[in-house]
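The block underneath contains the structure these notes are about, expressed in structure tokens.
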Amino acid sequence: MNFLRPAKGERLRALGRVVHAGRRLAVVQGEAYSEEPEPRLIALAQGTISQV
């Protein structure tokens with residue numbers, strides 16, 4: 001996870017998505033935004049998940 005800037009305000013929004021899903025592995029990404037006073041990207045994450 002990469003933290004880009006401090007969160008400001010009282011509300012956060014997080015979005016996640018599957019970039020690729022195979023039989024055993026999935027690559028996923030996530031973004032976090034500070035909502036106030038205007039939406040600003042505050043963090044990014046990427047990971048690989050293994051299904052057993």
Quiz item: In Å, rounded to the nearest 0.5 Å, how long is the span from CZ of Arg24 to CD of Gln51?
Solution: 8.0 Å

Quiz item: Taking the side chain as C-beta and beyond, is there a heavy-atom pair between Lys8 and Glu36 under 4.5 Å?
Solution: no

Quiz item: Can Leu4 be reached from Tyr33 by stepping across I, L, V, M, F, W or Y side chains whose heavy atoms are under 4.5 Å apart?
Solution: yes

Quiz item: Do Arg17 and Glu31 meet the salt-bridge criterion of a basic N to acidic O distance under 4.0 Å?
Solution: yes

Exercise. Applying side-chain contact (heavy atoms from CB on, under 4.5 Å), run through Val28 and Ile49 and close with a yes or a no.
Key: CA-CA 8 Å; Val28 296; Ile49 300 170; 3.8 Å; yes

Quiz item: Taking all non-hydrogen atoms of both residues, which atom of Ala7 and which atom of Ile42 are closest, and how far apart?
Solution: CB-CD1, 3.7 Å

Quiz item: So which heavy atom on Ser34 is nearest to which on Leu12, and how close?
Solution: CA-CD2, 3.9 Å

Quiz item: When hydrophobic residues are tied together by side-chain contacts of less than 4.5 Å, even through go-betweens, does Leu15 share a cluster with Leu41?
Solution: yes

Quiz item: Does CZ in Arg5 sit with more than 12 non-hydrogen atoms of other residues, nucleotides or ligands closer than 6.0 Å?
Solution: yes

Self-check item: Interatomic distance, Leu44 atom CG to Met1 atom CE [nearest 0.5 angstrom]
Solution: 8.0 Å

